[in-house]
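Report on the following structure.
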Amino acid sequence: MTALAIGPLNLLRRRPNPTSTDLRRDVGIWAGLFGIAHTVAGLRVHMHGELLRYFSVTSDGVGARTFVAANFLGLIAVILLIVLASISNDVALRRLGVARWKALQRVTYIVIFAIVLHGAMYQIIEKRRWPLALIFSLLVVAAAAMQWAGVRARKIRRGLTSSRP
């Protein structure tokens, strides 16, 4: 969520918001590494390393289907995280060009959507206590609010909308 806040914060503070910065890339890479580590740990903990059980419905219950759907969302997210981490460097930026590189980096929004759904489903599956669900929800709302504020600031900066509140 921190990586999603850096660009909007630059815009809100009326600072330059370049295509790529070392801080934003480093935060994104660390977030990706934590996501990959979460996946590795999760695959070893819940089903004792039996990978197929994560992705196949073995009963007719809604809980089983939710579990499988949550795991597929997590799998999609981690695959995309690996792709994003692999292009989060100056060499990839030069080879792909700014427009193509930025378009690929926008896959981050798909990753975040998958992570939020995955996390929400696991909150339900694991019957988490309400404080944990509340913290998760607040983080999601904060990231969405920052993105919205950044889009609004960019439009104002470009003169596409009035600057009135």
Side-chain angles (χ1 to χ4, degrees), residues 1-10 17-59 61-96 100-150:
M1 302 295 177
T2 303
L4 290 176
I6 294 171
L9 281 173
N10 285 338
N17 194 27
T19 300
S20 177
T21 65
D22 290 339
L23 174 63
R24 192 173 1 193
R25 278 193 280 170
D26 288 350
V27 169
I29 289 168
W30 277 105
L33 291 174
F34 278 111
I36 293 165
H38 165 84
T39 301
V40 170
L43 289 174
R44 301 198 48 81
V45 169
H46 294 290
M47 298 290 180
H48 311 292
E50 295 180 43
L51 294 178
L52 291 179
R53 290 183 59 197
Y54 285 96
F55 304 104
S56 60
V57 178
T58 56
S59 67
V62 173
R65 288 191 297 272
T66 303
F67 178 75
V68 169
N71 291 330
F72 270 110
L73 284 167
L75 179 64
I76 290 166
V78 81
I79 289 169
L80 293 175
L81 282 172
I82 292 167
V83 170
L84 288 168
S86 72
I87 65 166
S88 292
N89 56 68
D90 292 333
V91 172
L93 179 57
R94 279 192 302 274
R95 283 192 180 162
L96 294 169
R100 206 170 341 155
W101 184 86
K102 189 64 177 173
L104 285 170
Q105 284 295 321
R106 286 190 181 107
V107 167
T108 300
Y109 296 108
I110 296 169
V111 172
I112 293 301
F113 184 73
I115 289 169
V116 168
L117 284 178
H118 170 81
M121 291 171 138
Y122 260 94
Q123 295 293 318
I124 294 166
I125 292 166
E126 298 282 332
K127 297 180 178 133
R128 300 281 186 199
R129 294 183 181 165
W130 71 267
L132 292 175
L134 178 64
I135 291 168
F136 176 77
S137 300
L138 289 173
L139 287 171
V140 170
V141 169
M146 287 300 296
Q147 287 294 302
W148 179 84

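- Between Val91 and Arg94, some side-chain heavy-atom pair lies under the 4.5 Å cut-off.
- Between the side chain of Trp101 and the backbone N or O of Ile87, at least one donor-acceptor pair lies under 3.5 Å.
- The two residues Arg100 and Leu96 make their nearest non-hydrogen contact at CB-O, 3.3 Å.
- The two residues Asn71 and Tyr54 come nearest to each other via the heavy atoms ND2-O, 3.0 Å.
- The CD1 atom of Ile29 lies 11.5 Å from the CG atom of Leu81; values are rounded to the nearest 0.5 Å.
- In this structure, Leu84 and Ser88 approach most closely via the heavy-atom pair O-OG, 2.6 Å.
- The distance between the ring centers of His118 and Tyr122 falls below 6.0 angstrom.
- To the nearest 0.5 Å, atom CH2 of residue Trp130 and atom CD1 of residue Ile135 are 9.0 Å apart.
- Distance check, rounded to the nearest 0.5 Å: CG of Asp26 to CZ of Arg24 gives 12.0 Å.
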**Asked** Going through the checks in order, is the side-chain contact (heavy atoms from CB on, under 4.5 Å) test met by Gln105 and Arg25?
**Response** CA-CA 10 Å; Gln105 284 295 321; Arg25 278 193 280 170; over 6 Å; no
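- The neighbour count for Phe55 CZ, taken as heavy atoms of other residues, nucleotides or ligands under 6.0 Å away, is above 12.
- Among all heavy-atom pairs drawn from Leu73 and Met121, the shortest one is CD1-SD, 3.8 Å.
- Annotation: the span from Leu132 atom CG to Lys127 atom NZ amounts to 15.5 Å, rounded to 0.5 Å.
- Atom-to-atom distance recorded for Ile124:CD1 and Thr66:OG1 is 7.5 Å, nearest 0.5 angstrom.
- In this structure, the side chains of Ile112 and Tyr109 stay at 4.5 Å or more apart for every pair of heavy atoms.
- Distance CG/Leu75 to OG1/Thr39: 8.0 Å, rounded to 0.5 Å.
- The shortest heavy-atom contact between Phe136 and Ile115 is CZ-O, 4.5 Å.
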